[in-house]
Amino acid sequence: MQTVTAVAHRGDPYRFRENTLDSLRSALGQGADAVEIDVRLTRDGVPVLLHDETLRRLWEVERPLGALSAEELRGLTAGGVPTLEEALAATGDSRVMVDLCGRVGRRTVERTLDVIRQSGARDRVYYSADAEAMLAVRAADPAAEIALTWTTLAPPRPALLAAIRPRWLNYRFSLVSRELAARVHRDGHLLSVWTPDTRRSLSRLLDLGVDSITTNRIDLLHTLRSQGPVRTGVRGPLNPD
């Protein structure tokens with residue numbers, strides 16, 4: 001029986017502004033098993049939820065996040081950009097995929113992991129980003145669960161996999177074929193994909209046997225997976241080894 005984890009991309013952005021507390025709560029109410037959030041640091045080192053480098057697209061403010069303190073950010077957005085701490089509190093005991101955006105240095109990783117530890121959320125958080133960021137996470141937390149984002153059909157080098165030790169390989173959905181899914185599983189990894197939003201794409205991926213789908217249409221994915229022989233809501237040990 002196929003197992004598919006439904007991951008809400010930045011929450012429920014068709015109903016609420018992405019990466020906000022309302023968006024996260026809505027996604028969980030729509031049947032998400034996990035929510036994916038984007039994390040960056042403010043000037044004073046506070047991890048907050050924002051995908052872009054600036055506030056322009058979402059908040060119509062011509063300011064880069066890295067130039068703002070957490071207090072300034074709260075004022076400019078009327079508190080709309082939540083801190084990572086607030087997001088972890090709002091998601092209860094649900095799983096959270098933390099996507100580390102932009103150029104990820106040691107400071108970003110350390111501050112992010114510190115907040116997750118202090119929030120008591122280590123057992124339900126996992127991390128996604130490119131190889132450089134995931135190497136930094138692995139160095140900071142040998143027990144972290146990692147979804148290595150990979151953007152080419154060429155497989156990751158064995159030495160890189162040995163260094164990062166990902167549980168998941170995280171691919172753009174358009175790259176995924178039955179052959180790629182078989183290879184990922186044969187090599188001992190789970191297959192995560194992002195971000196299909198149409199009925200056709202979601203149905204194709206369910207048929208291919210992927211393990212996790214990150215989508216902006218969590219309601220549609222929840223409906224489709226309930227129509228077939230799909231066991232939902234993967235929990236299990238985060239670090240089975």
Side-chain angles (χ1 to χ4, degrees), residues 1-10 32-39 84 88 91 93-101 104 108-109 112-113 115-117 119-173 175-196 205-206 208-215 218 221 225 230-241:
M1 183 177 292
Q2 182 184 353
T3 300
V4 177
T5 299
V7 182
H9 187 240
R10 307 177 192 170
D33 301 313
V35 291
E36 182 264 0
I37 59 177
D38 301 297
V39 173
L84 175 58
L88 292 173
T91 53
D93 63 353
S94 297
R95 298 201 66 192
V96 177
M97 176 190 277
V98 171
D99 192 334
L100 298 170
C101 294
V104 178
T108 299
V109 170
T112 300
L113 268 63
V115 170
I116 290 167
R117 293 188 188 103
S119 300
R122 283 185 70 192
D123 63 344
R124 62 186 179 93
V125 168
Y126 59 124
Y127 305 87
S128 70
D130 61 18
E132 183 178 0
M134 294 300 92
L135 283 167
V137 169
R138 177 57 71 216
D141 184 357
E145 181 181 0
I146 286 175
L148 172 62
T149 297
W150 203 248
T151 57
T152 71
L153 288 174
R157 300 186 311 277
L160 182 64
L161 292 174
I164 295 176
R165 291 184 284 113
R167 185 184 185 195
W168 308 80
L169 292 185
N170 190 34
Y171 281 88
R172 182 183 295 277
F173 78 94
L175 294 177
V176 177
S177 64
R178 199 169 300 278
E179 293 74 22
L180 185 144
R183 184 186 75 201
V184 169
H185 290 145
R186 185 174 60 249
D187 292 343
H189 298 101
L190 297 175
L191 176 57
S192 172
V193 300
W194 49 278
T195 36
L205 292 161
L206 289 169
L208 290 178
V210 303
D211 302 291
S212 176
I213 297 176
T214 301
T215 178
I218 200 66
L221 174 56
R225 70 176 186 175
V230 178
R231 177 166 57 83
T232 65
V234 179
R235 299 289 296 184
L238 296 191
N239 297 286
D241 294 334

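Because only heavy atoms are used, hydrogens play no part in the values below, and waters and symmetry mates are left out as well, while side chains stay in. Note that this is a predicted model, so its numbers are computed, not measured.
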Open item on the list: Ignoring hydrogens, what is the shortest heavy-atom contact between Ala8 and Ile218? Give both atom names and the distance.
Closed with: N-CD1, 3.9 Å
Open item on the list: Testing the basics here: between Val98 and Val39, what is the closest heavy-atom pair and its distance to 0.1 Å?
Closed with: CG1-CG2, 3.7 Å
Open item on the list: Using 0.5 Å steps for rounding, measure from the CD1 atom of Ile37 to the OG1 atom of Thr91.
Closed with: 7.0 Å
TODO: Could you point out which residue of Arg138, Arg165, Arg167, Arg124 forms a salt bridge (Lys or Arg N to Asp or Glu O under 4.0 Å) with Glu145?
DONE: Arg167
Task: Atom pair CG/CZ of Leu113 and Arg122 - distance to nearest 0.5 Å - done: 7.5 Å
Open item on the list: I'd like to check Trp150 versus Val184 (side-chain heavy atoms, cut-off strictly below 4.5 Å). Are they in contact?
Closed with: no
Open item on the list: Closer than 3.5 angstrom, by distance alone: can the side chain of Asp211 be matched with the main-chain N or O of Leu191 as a donor-acceptor pair?
Closed with: yes
Open item on the list: Can you tell me how far apart CD1 (Ile213) and OG1 (Thr195) are? Round to the nearest 0.5 Å.
Closed with: 11.5 Å
- [ ] Look up atom OG1 in Thr149 and atom CG in Asp99, then write down how far apart they are to the nearest 0.5 Å.
- [x] 6.0 Å
Open item on the list: Strictly distance-based, threshold 3.5 Å: is any side-chain N or O of Glu36 a donor or acceptor partner for the main-chain N or O of Arg10?
Closed with: yes
Open item on the list: Using 0.5 Å steps for rounding, measure from the CZ atom of Arg95 to the CG atom of Asp33.
Closed with: 9.5 Å
- [ ] May I ask you to test the Leu169-Leu161 pair for a side-chain heavy-atom distance under 4.5 Å?
- [x] yes
TODO: Mind checking the OG1-OH spacing from Thr152 to Tyr171? Nearest 0.5 Å is all I need.
DONE: 6.5 Å
